[in-house]
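This report refers to the structure that appears directly beneath it.
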Amino acid sequence: QVQLVESGGGLVQAGGSLRLSCAASGRTFMVSLGWFRQAPGEDREFVAAITWSGSTNYVDSVKGRFTMSRNNAKNTVYLQMNSLKPEDTAIYYCAADYRPVRVGGPPPPYWGQGTQVTVSS
């Protein structure tokens with residue numbers, strides 16, 4: 001079992017930056033972590049993921065703007081979001097799996113409660 005708590009969401013103007021954090025607890029050894037987002041009326045979308053060893057993958061729409069990192073000693077992952085656009089507005093969820101989290105992969109079994117990101121134009 002893995003418990004996840006996100007923080008760092010908020011309201012920002014287009015072109016601005018935010019950093020999301022996700023603190024993991026429980027059985028976190030070797031867990032893969034990812035960020036997903038869901039905008040109103042839309043399906044949940046994969047954003048980024050990172051393996052235990054630090055390998056990352058991103059959805060095409062955020063490549064070059066978002067960077068995911070992790071600190072295994074603190075059991076925390078981060079999503080640095082730069083050059084934000086109004087279309088990035090969504091609830092962002094942290095998720096964990098003992099299998100690799102990746103775009104098009106099976107949904108992870110463990111989820112946080114989500115944090116709202118709103119980008120104004």
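This structure is a prediction, so every number in the text was calculated from the model and none was measured. The basis for the numbers below is simple: all heavy atoms, side chains too, and nothing from hydrogens, waters or symmetry mates.
Following chains of ILVMFWY side-chain contacts shorter than 4.5 Å, one can reach Val103 starting from Tyr93, so the two form part of one hydrophobic cluster. If you chain together hydrophobic residues whose side chains sit under 4.5 Å apart, Phe66 and Val12 fall into the same group.
Taking the ring axis of Tyr98 as reference, the NZ or CZ atom of Arg27 stays within 45° of it and closer than 6.0 Å to the ring centre.
Here the side chain of Glu6 pairs a donor or acceptor atom with the backbone of Cys94 at under 3.5 angstrom. Side chain of Asn72 to main chain of Asn75: no donor-acceptor pair is present (N/O by atom type, distance under 3.5 Å, no hydrogens or angles). In this structure, the side chain of Asp97 does not engage the main chain of Tyr110 through any donor-acceptor pair within 3.5 Å. The closest donor-acceptor contact from the side chain of Gln38 to the backbone of Ile91 lies at 3.5 Å or more, if one exists at all. Side-chain N or O atoms of Ser32 include one that pairs as donor or acceptor with a backbone N or O of Val101 at under 3.5 Å. For Thr115 (side chain) and Gly9 (main-chain N/O), a donor-acceptor pair under 3.5 Å exists by modelled atom type. Thr56 contributes no side-chain N or O that, together with a main-chain N or O of Ala49, makes up a donor-acceptor pair within less than 3.5 Å. The closest donor-acceptor contact from the side chain of Ser61 to the backbone of Val59 lies at 3.5 Å or more, if one exists at all.
A distance of 6.0 Å separates CG in Leu33 from SG in Cys22, rounded to the nearest 0.5 Å. Expressed to the nearest 0.5 Å, how far OG of Ser83 lies from CZ of Arg65 amounts to 7.0 Å. Taking CG from Leu20 and CH2 from Trp35, the interatomic distance works out to 4.5 Å, rounded to the nearest 0.5 Å. For the atom pair Arg19 CZ and Ser69 OG, the distance stands at 7.0 Å (nearest 0.5 Å). For the atom pair OG1 of Thr28 and CZ of Arg70, the computed distance is 8.0 Å after rounding to the nearest 0.5 Å.
Using modelled atom types, one finds a donor on one side chain and an acceptor on the other under 3.5 Å when comparing Asn82 with Ser17. Residues Arg37 and Tyr92 have side chains that bring a donor and an acceptor to within less than 3.5 angstrom of each other.
Proximity of Val77 to Met68: side-chain heavy atoms (C-beta onward) are separated by under 4.5 Å at one or more points. The closest side-chain heavy-atom distance from Pro106 to Arg99 is below 4.5 Å. Under the 4.5 Å side-chain criterion, counting only non-hydrogen atoms from C-beta, Val117 is not in contact with Thr89. In this structure, Leu4 and Trp111 have side chains that are not in contact, with every pair of non-hydrogen atoms separated by 4.5 Å or more.
Residues Ala14 and Ser121 approach most closely at CB-CA, 4.4 Å, considering heavy atoms.
For Phe46 and Phe36, the distance between ring centers is under 6.0 angstrom.
Taking a 6.0 Å sphere around CD of Gln113, one finds it holds more than 12 heavy atoms contributed by other residues, nucleotides or ligands.
The residues Asp88 and Lys85 are annotated as not salt-bridged, no charged nitrogen and carboxylate oxygen being separated by less than 4.0 angstrom.
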